Number of protein chains: 2
Amino acid sequence: MKTMTIRQDGADEDAPVPARCADWRQRYPDLSLCPVRGVLDRVGDKWTTLVLLTLAERPHRFGELRRAIVDISQRMLTQTLRELARDGLVSRRVFPTQPPGVEYSLTPLGHSLLQPLLGLVRWAESHFADVEAARAAHDSATEEAA
Amino acid sequence: MKTMTIRQDGADEDAPVPARCADWRQRYPDLSLCPVRGVLDRVGDKWTTLVLLTLAERPHRFGELRRAIVDISQRMLTQTLRELARDGLVSRRVFPTQPPGVEYSLTPLGHSLLQPLLGLVRWAESHFADVEAARAAHDSATEEAA
DNA sequence: CGGGATCCTGCAAGATACTG
DNA sequence: CAGTATCTTGCAGGATCCCG
């Protein structure tokens, strides 16, 4: 293995993609502690992304979010919002009216996550057809083998 | 609601982020069919990303992947690789040697996904400290309320 | 309206054992 | 070496009821 200078505080930011990846895996043998995994787990969460994207549009109240996301259960919405608030991605403002209103909105940090997230969305938009084609090809190939 | 011109074949690519998001949600009332969700579910998968990042480094054989990812079970590795191959992100080459060797590598499509993925990784690298700080602040705040 | 607390279930995923 | 098959379980997540 080639010797490689690794900065103590993080990966070598000038390193090419592969080296960066290898570096991350080496520095976090316990994957549950890896910050990258933490983020990816969140993003992959069934609802987190949907909530973030919805809030990207404009601030929403609890009920608005429920209706916007349609098939989210109230339990999951509450839970997702709490974790997002805890992570500092979403802020929760309570209006002491009657009945009480609660408004959720993206924090600057949450907004910053939106950019890479949108990168993924764009990839999905432009490459989903390829994925579907690959699936069709693969499926017909394996089925004809059977 | 404001009227908005939606191109038949996809979201308005010039639209600002929020409108794009709203658009996606509207066009896919059934979220399980939404291509964006499909991609995000994959990325969020506990192992998919790890495998892709590992293969980004260089092609790996099955056993190499197992050892590289350490705490993946053989079952999950097989399953993950099969789905990635089916989606056309990873290619599988069999060498008819004795004993047989199988090499997995990224396809061009898989490699293209790497870019947005790395965007997320970079976000995690640069903002994880903020998330942890937010958590600490949030936790101490709620705990003192109790 | 905006949740909290409970109960219950399905499936994701680990462990183990076997095969070409 | 590179998987497949089977069994088993944890827990994500839905449904439901209640409360300030």
Side-chain angles (χ1 to χ4, degrees), chain A residues 30-32 37-38 40-51 54-55 59-87 90-105 138 141-143 145-146, chain B residues 30-32 37-38 40-51 54-55 59-87 90-105 138 141-143 145-146:
Chain A
D30 183 350
L31 296 171
S32 62
R37 282 237 53 85
L40 290 176
D41 282 353
R42 278 298 157 80
V43 170
D45 186 79
K46 195 172 179 182
W47 305 116
T48 301
T49 311
L50 245 358
V51 170
T54 304
L55 290 180
H60 280 67
R61 295 184 42 195
F62 189 87
E64 287 183 314
L65 280 172
R66 270 195 86 165
R67 284 185 297 275
I69 308 196
V70 196
D71 58 347
I72 192 174
S73 69
Q74 165 263 20
R75 180 176 142 81
M76 281 302 102
L77 180 54
T78 302
Q79 189 173 303
T80 303
L81 285 170
R82 281 216 284 186
E83 285 182 359
L84 287 174
R86 178 167 179 260
D87 288 355
V90 158
S91 74
R92 179 178 188 265
R93 289 183 55 203
V94 182
F95 297 94
T97 57
Q98 198 52 256
V102 180
E103 188 182 84
Y104 293 91
S105 54
H138 180 97
T142 49
E143 151 187 339
Chain B
D30 183 350
L31 297 171
S32 61
R37 283 236 53 84
L40 290 176
D41 282 353
R42 278 296 158 82
V43 170
D45 186 79
K46 195 173 181 182
W47 304 115
T48 301
T49 311
L50 247 355
V51 171
T54 303
L55 290 180
H60 280 68
R61 296 187 39 196
F62 189 88
E64 287 182 316
L65 280 171
R66 268 195 87 164
R67 283 186 296 276
I69 309 196
V70 196
D71 58 347
I72 192 174
S73 68
Q74 152 265 37
R75 180 177 141 80
M76 283 301 102
L77 180 53
T78 302
Q79 188 173 305
T80 303
L81 285 171
R82 282 216 284 186
E83 285 182 358
L84 287 174
R86 179 169 179 257
D87 289 355
V90 159
S91 74
R92 180 179 189 263
R93 289 183 56 200
V94 182
F95 298 94
T97 58
Q98 197 53 256
V102 180
E103 188 183 84
Y104 293 91
S105 54
H138 180 98
T142 50
E143 146 187 342

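Everything quoted here is computed from the prediction, not taken from an experiment. Each chain gets a letter, A, B and so on, in the order its sequence line appears, and its residues count up from 1.
Of the two residues near DNA chain D, A:P99 and A:I72, the one whose nearest nucleotide lies more 5' is A:I72. Mapping B:S73 and A:P100 onto DNA chain C by nearest heavy atom places A:P100 closer to the 5' end of the strand.
As judged by a 4.0 angstrom heavy-atom cut-off over every strand, A:Q74 is placed among the base-contacting residues. B:R66 comes within 4.0 angstrom of no nucleic acid atom, judged by non-hydrogen atoms across all strands.
In this entry the distance linking CG of B:L81 with P of D:dT4 reads 10 Å, nearest Å. Distance B:D45 CG to C:dC11 P: 17 Å, rounded to the nearest Å. Summarising the geometry, the separation between CZ on A:R67 and P on C:dC1 is reported as 7 Å, rounded to the nearest angstrom. As rounded to whole Å, 9 Å separates atom C1' of D:dC1 from atom CD of B:Q98. One interatomic measurement links the two molecules: CD of A:E64 to C1' of C:dG3, which rounds to 16 Å at whole-angstrom precision. Spacing between atom CE of B:M76 and atom C1' of D:dG10 amounts to 14 Å, rounded to whole angstrom units. Between B:H60 atom NE2 and D:dA2 atom C1' there is a gap of 16 Å when expressed in whole angstrom units. Remark: C1' of C:dG14 and CD of B:Q79 are 12 Å apart, rounded to the nearest angstrom.
Taking only side-chain atoms of A:R61, from C-beta outward, the nucleotide of C:dG14, C:dG3, C:dG2 with the closest atom is C:dG2.
Evaluated for a side-chain contact (heavy atoms from CB on, under 4.5 Å) with A:L65, the options A:L50, A:I72, A:T54 yield exactly one hit, A:T54.
For D:dC1, the OP1/OP2 oxygens have no side-chain nitrogen or oxygen of B:Y104 closer than 4.0 Å. A sub-4.0 Å separation between OP1 or OP2 of C:dC11 and a side-chain N or O of A:K46 is absent. OP1 and OP2 of D:dA2 both lie 4.0 Å or more from every side-chain N or O belonging to B:R75. Close to C:dG4, at under 4.0 Å from its OP1 or OP2, lies a side-chain N or O of A:R82. OP1 or OP2 of C:dG3 has at least one side-chain nitrogen or oxygen of A:R92 nearer than 4.0 Å.
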Side chain to side chain contact (heavy atoms under 4.5 Å, CB included) evaluation trace for A:L55 with A:L84 | CA-CA 11 Å; A:L55 290 180; A:L84 287 174; 5.7 Å; no
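Here CD of B:E83 is found 6.5 Å from OG1 of B:T48. Values are rounded to the nearest 0.5 Å.
Contacts of A:R93 classified as side chain to side chain contact (heavy atoms under 4.5 Å, CB included), with partners at least two apart in sequence or in another chain: A:F95, A:E103.
A side-chain N or O of A:S91 and one of A:S105 form a donor-acceptor pair less than 3.5 Å apart.
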